[in-house]
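Right, one structure below, let's go through it.
Here the structure is a predicted model, which means the values were calculated and not measured. Residue numbering restarts at 1 for every chain, and letters A, B, ... go by the order of the sequence lines.
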Amino acid sequence: MAAVSRFYITTPIYYINAEPHLGHAYTTMVADAVARAHRLLGDDVFFLTGTDEHGQKVERAAQKAGLSPEAFADHIARKFHDLLPALNISNDDFIRTTEPRHHAAAQELWRQVRDRGFIYKDKYEGWYCTVDEIFVPETQLVAGRCGICGNPVERIAEESYFFRLSRFEQPLLDHYRAHPDFVTPAGRRNEVLTFLEGGLEDLSISRTSFTWGIPVPDDPAHVMYVWFDALTNYMTAAGYGVSQPAAAARFARYWPADVHLIGKEIVRQHAIYWPAFLLAAGLPLPRQIVSHGWWLMEGAKMSKSKGNVVRPHEYVDRFGLDAVRYFVFREMVFGQDASFGDEAILTRYNSDLANDLGNLVSRTTTMAHRYCDGVVPSADRELLARPPERELSSAVGALVVKVKAAVASFQSSTALRDIWEVIGATNRYIVTREPWQLAKSPDRRAELDAALYAAADALRVIAELIRPFMPATGERTLRMLGVEPEAASWTSLRPGTLEPGTTLGELAALFPRIEHTVEELRAMAADTNDVSPAPGSQGASTSVSSAAASAGAAGSATTGTVAATTAAADRISIDDFMKVELRVARVLSAEPVPKSSKLLKLQVDTGADQRTIVAGIAESYEPAALVGRTIVVVTNLKPAKLMGVESNGMVLAASPEGGKALLLSFDVAPVPGTRVR
RNA sequence: GCCGGAGUAGCUCAGUUGGUGAGAGCACGCGUCUCAUAAGCGCGGGGUCGGCGGUUCGAAUCCGCCCUCCGGCACCA
């Protein structure tokens, strides 16, 4: 870590169209650990997180819930906000994009970029298909008609402000060349470079189709496109856009940020758009964009439809916060995806936390109490100079250096692995010296004291190094050793500095072993949820719909009505359904579509005719296995061209999120042409 | 099809610029201490380092081809 005395780190601001899950929690916990490490190093840290609350999605979700966008945003933002204390997050500020300070900052950035000539108003112009309600790219036009439905297209233009992103291709490439670590890990950086080299097009940065956003300066019919708005938050919180001297001084001190920590799905916005906006405004760029991988649930992608979204609370309740923090830091290798799972956590808990660390703390402090009257013994210098003591001490000294380096490069798994290696070394050291034997011979008092001092001293450094990852555990351990946790304790941290003679604190087991199987734990969790929904947690997990209901009950008849009519409006009539002609068909032949990995070209017999249908099921079915199979197709669909092949209809299949498509089939095959309804 | 990542003990993974007989943790078996959370410590079994070929005195590590898995893109009527 460089000798920078101030350190500014951010998480993304979280978009409030979904409830917080493990992914949000993880990003925030990593930022927290890094922020804490820098504070321990004596840095002046500014750690920011918050919520992204504008946009059409939020506007619609609010409408659906029968709430104003403001009320809806307040409701969900609170959940993100309340997650922080539960995870022991040490953020210095929490920003919401709906706050006045942010509106002011985003508008200021807009003006600054505009006044330097990088924003222009133009028409978002293109060929528009009124049937499909989309803009059809030039390349997909077929003889002047929509390549999708075959209907004529119209030339349509919608007003929008554009950012001259195309001007920044070369400046960005230059910056990347000058700062090889601007984006890490390297794989992500390469992706960005590839994208850059492919050329940049100007970016549409305003919308007129909705109003839930920050108005464009001097043209309030437009609201800012979400990324221009959202990314600016990193400067808002540092004091940008406020003319008061205090805020200006703060901005001068904290900007540019040292680290924007993000998930790999938003690399492009942070690695291209954001630096381009800043270059356009003539402002300094953040020092580093650091992106991490995704959490999988038992090896599978998390999704709502699978019902395997991890809610951090459940695991914190079951294992304790520091155990969850330890697990995610230890398990996820920097930059890669990692798998979350009950069994894995349980193993980590019992092996690493209970057996290794917890038991080491327990045996060390217990012996100090029993043999040394509850104070840190003082050790004879020569006894500490013997090989086992020197070896332990130098391992501890090397550990301090290694952990500092690992934290600087976000390698939490490496840091913890190294720390646990020294925990093992300390356990081995204790066995080597056998203090319980020394205690039997009064004439070996000095050796006993030296042994317990050496163990306690090593444990003290371990506890200090653990603090960023497991703050409560680190501090409790220090107190048990009679050390008062200090803010900047890493600056002078080294072995041999534990103060002799101090009284040990009260002892308690850090991580009692969990003698239950995974199944038992799950059953216990289920019981808790079913039998006694804790009053507190019920409040915390109130769904949006019930919030809407209570808003209605509170006297706002209109909001309740809105919700009801919206729901009713989503229904369709039987006539609407009957417009879709579904018929039984038989597959006559099937072959892959060249150059495509998802598409199969099918010849089917619909009873009335034989036709070609292209279906996106190549990843689930072998062509040969489909021949002769009886399926269901939509027969009255307009033709569409896919990868150059015209498709006259659509096959029906269940499509699980992230899973393989499953074709509809019958108990007994009806004849082709039979109507399905 | 294109781009990227990965394929090392039953499981999860380390293995820097090619060089002591290929490692750790978990799990398993045996032994041992008793300060400690039935924890600790020691020993052990088990791997054609995805496959084939090449460079080299020597490759898990470099090169080529191939196979498999996972992302992203094209694409999902």
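In this structure, OH of Tyr349(A) is placed 16 Å from P of A27(B), rounded to the nearest angstrom. Per the geometry, CZ belonging to Arg348(A) stands 11 Å off P belonging to A27(B), to the nearest Å. Here the P atom of nucleotide A24(B) and the CG atom of Asp418(A) are 16 Å apart, to the nearest Å. Distance NZ (Lys264(A)) to P (G4(B)): 16 Å, rounded to an integer number of Å. In this structure, Arg268(A) places its CZ atom 12 Å from C1' of C3(B), rounding to the nearest Å.
Salt bridge present: Arg433(A) and Glu389(A) bring a charged side-chain N and a carboxylate O closer than 4.0 Å. We find that Arg428(A) and Glu421(A) are joined by a salt bridge, their nearest charged nitrogen and carboxylate oxygen being less than 4.0 Å apart. Under 4.0 Å is where a charged nitrogen must lie from a carboxylate oxygen, and between Arg318(A) and Asp342(A) at least one such pair does. Classification of Glu447(A) and Arg445(A) as a salt-bridged pair fails, no side-chain N sitting under 4.0 Å from a carboxylate O. The pair Glu331(A)-Arg348(A) meets the salt-bridge criterion, since a charged nitrogen lies less than 4.0 angstrom from a carboxylate oxygen.
Between A27(B) and A22(B), the distance separating the two P atoms is 27 Å to the nearest Å. The gap from the C1' atom of C26(B) to that of G21(B) amounts to 26 Å, rounded to the nearest Å. Taking atom P in both G64(B) and G4(B), the straight-line distance is 12 Å, to the nearest Å. Straight-line distance between the C1' atoms of G58(B) and G25(B): roughly 31 Å, to the nearest whole Å. Atom name C1', nucleotides C11(B) and G1(B): the rounded distance is 35 Å, in whole Å. Rounded to a whole angstrom, the distance from the P atom of A39(B) to that of G47(B) is 28 Å. C13(B) sits 23 Å from U17(B) when the C1' atoms are compared, rounded to a whole Å. Taking the C1' atoms as reference points, C49(B) lies 27 Å from C3(B), given to the whole Å.
Applying the ring-ring contact (aromatic ring centres under 6.0 Å, His included) rule to pairs touching residues 395-425 of chain A yields Tyr326(A)-Trp420(A), sequence neighbours excluded.
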Distance-only donor-acceptor hits, side chain of residues 355-363 of chain A, under 3.5 Å, sequence neighbours excluded:
| residue | atom | partner | partner atom | Å |
| --- | --- | --- | --- | --- |
| Asn355(A) | OD1 | Arg513(A) | NH1 | 2.6 |
| Asn355(A) | ND2 | Asn350(A) | O | 3.4 |
| Arg363(A) | NH1 | Asn427(A) | OD1 | 2.8 |

Restricting to nitrogen or oxygen on both sides, can you table the protein-nucleotides 13-16 of chain B pairs closer than 3.5 Å?
none

- Item | Contact state string [nucleotides 33-45 of chain B, B base, S sugar-phosphate only, - no protein heavy atom under 4.0 Å] | SSBBB-SSSS---

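Nearest-nucleotide positions on RNA chain B for Ala615(A) and Arg188(A) put Arg188(A) closer to the 5' end.
The one candidate from Ile466(A), Thr473(A), Val316(A) that meets the side chain to side chain contact (heavy atoms under 4.5 Å, CB included) condition with Asp322(A) is Thr473(A).
Non-hydrogen atoms lying under 4.0 Å from RNA chain B are contributed by nothing in residues 446-460 of chain A.
No donor-acceptor contact under 3.5 angstrom links the side chains of Asp181(A) and Thr184(A), judged on distance only.
Closest approach of Phe469(A) to Ser412(A), counting heavy atoms only: CE2-CB, 3.8 Å. Heavy atoms only, all atoms of each residue included: Ser413(A) and Arg330(A) are closest at CB-O, 3.3 Å. For the pair Leu510(A) and Thr477(A), the tightest heavy-atom approach, listed with the atom from each and the gap, is CD1-OG1, 3.5 Å. Minimum heavy-atom separation, Thr365(A) to Leu504(A): O-CD1, 4.1 Å.
Ring geometry for Phe340(A) versus Tyr315(A): interplanar angle over 60°, hence perpendicular rather than tilted (30 to 60°). Taking the six-membered ring where tryptophan is involved, the planes of His21(A) and His24(A) are tilted, since the angle between them lies from 30° to 60°.
As judged by a 4.0 angstrom heavy-atom cut-off over every strand, Val614(A) is placed among residues touching the sugar-phosphate backbone only.
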- Query: Dot-bracket for RNA chain B: what is it, with Watson-Crick or G-U pairs under 3.5 Å, [ ] where a pair crosses earlier ones, and | for a pair to another strand?
  - Reply: (((((((..((((.....[...)))).(((((.......))))).....(((((..]....))))))))))))....

